[in-house]
Amino acid sequence: MKLVGWIGLSLLLSGPMALADPPPGETQKAVLVTGASTGIGRKITERLAADGYFVYAGARKDKDLEDLNALENVQAIRLDVTKADEIAAAVDTVAKAGRGLYGLVNNAGVAITGSFMDTKEEDFDFVMDVNTYGPYRVTKAFAPLIIAEKGRITTIGSISGILSARDLGVYSMSKHAVEAFTDSLALQMEPQGVQVSVVEPGNYNSEIGSSAAKRTGVVSRLTDRSQYKPPDEVAAAVKLALSEPGPKRRYMVVPSQHEAEITIRKAVQELVQLNEGQAYTYDRESLVKMLDEALATARPAVPAANP
């Protein structure tokens, strides 16, 4: 696969950045987080910066850039994942800084609600442009830097990449695409020494619902997400994907047993649907054997997070 290099363009940043030294004996690793201004992206930025990473925090608005620059170990970068010139300028800024780039967190994401029949094509295109083309564009642009560091690439997916809710069809399509992107990218990057993961959050508090309502004018059950937990657990999973010696391909992070169960049950249901009534159907014994073989390589269970 041929990867695009970077283009030399200048980038305007908002205000000074605060710096801190890495832990003694360690070289500070640099990570880029897209969509870092609010919600999950902001939590990821804060967590990684607090843990000693140098974070390039992508955002679009001047006020968000200013707020991010006030954080220790953070440098805000103007970055709209739908704009090629801003992506190229961000690559140029990171390359010229001389720190290299160990990690990329493709977090920027948007959503809309409603049926396919009621969805305007421009809104459909908007979701795909950010959620599907965005990770592709940013990963392709920053890949040379990541490969040079034998680093990590993590994309924020969703349990909607497994499930498909009635009124979240377009969003679910985009997150199903992230699953395929992750698997193919992992195979492509493995020979380069780069490890690839997807973090699949369930329902956590973020601005994605209110942003969707502002765009479409439709208020739904998903608009106000303040009843959900803050996404600290998602940020912790991203930290693991970037730091543990053998990162998992998939980090499902959900706030409740219920969300874990419906997601796993959906995956099992798809297995059954694939297997039923076709020329090479496997019987129960064979399926259980496959499951046991897969489980033999799985990690042990971890205690559930405290409520």
>> Quick check against the 3.5 Å criterion: does Asp64 have a side-chain atom that pairs as donor or acceptor with the backbone of Ser37?
In response: no
>> Would you say CD of Glu293 has more than 12 non-hydrogen atoms from neighbouring residues, nucleotides or ligands within 6.0 angstrom?
In response: yes
> Do side-chain atoms of Thr82 reach the backbone of Asp129 as a donor and acceptor pair under 3.5 angstrom?
Replying inline: no
> Does Ala76 offer a backbone N or O that forms a donor-acceptor pair with the side chain of Asn69 under 3.5 Å?
Replying inline: yes
> Do any N or O atoms from the side chain of Tyr204 and from the backbone of Val254 form a donor-acceptor pair under 3.5 angstrom?
Replying inline: yes
> Does a sphere of radius 6.0 Å around NZ in Lys289 hold more than 12 heavy atoms from other residues, nucleotides or ligands, not counting ones at 6.0 Å or beyond?
Replying inline: no
>> Apply salt bridge (charged side-chain N to carboxylate O under 4.0 Å, His left out) to residues Asp67 and Arg42 and explain how you reach the verdict.
In response: CA-CA 10 Å; Asp67 290 345; Arg42 179 62 181 249; 5.2 Å; no
>> Side chains of Asn106 and Thr139 only: does a donor on one sit below 3.5 Å from an acceptor on the other?
In response: yes
> Do Glu149 side-chain atoms and Gly151 backbone N/O form a donor-acceptor pair below 3.5 Å?
Replying inline: no
> Between Arg47 and Asp232, does at least one N-O distance fall below 4.0 Å, as a salt bridge requires?
Replying inline: no
>> Does Gln257 have more than 12 heavy atoms from other residues, nucleotides or ligands lying within 6.0 Å of its CD?
In response: no
> Side-chain donor-acceptor pair under 3.5 Å between Tyr251 and Glu200, yes or no?
Replying inline: no
> More than 12 foreign heavy atoms under 6.0 Å from CD of Glu190: is that the case here?
Replying inline: no
> Under 3.5 Å, is there a donor-acceptor pair linking the side chains of Glu259 and Asn203?
Replying inline: yes
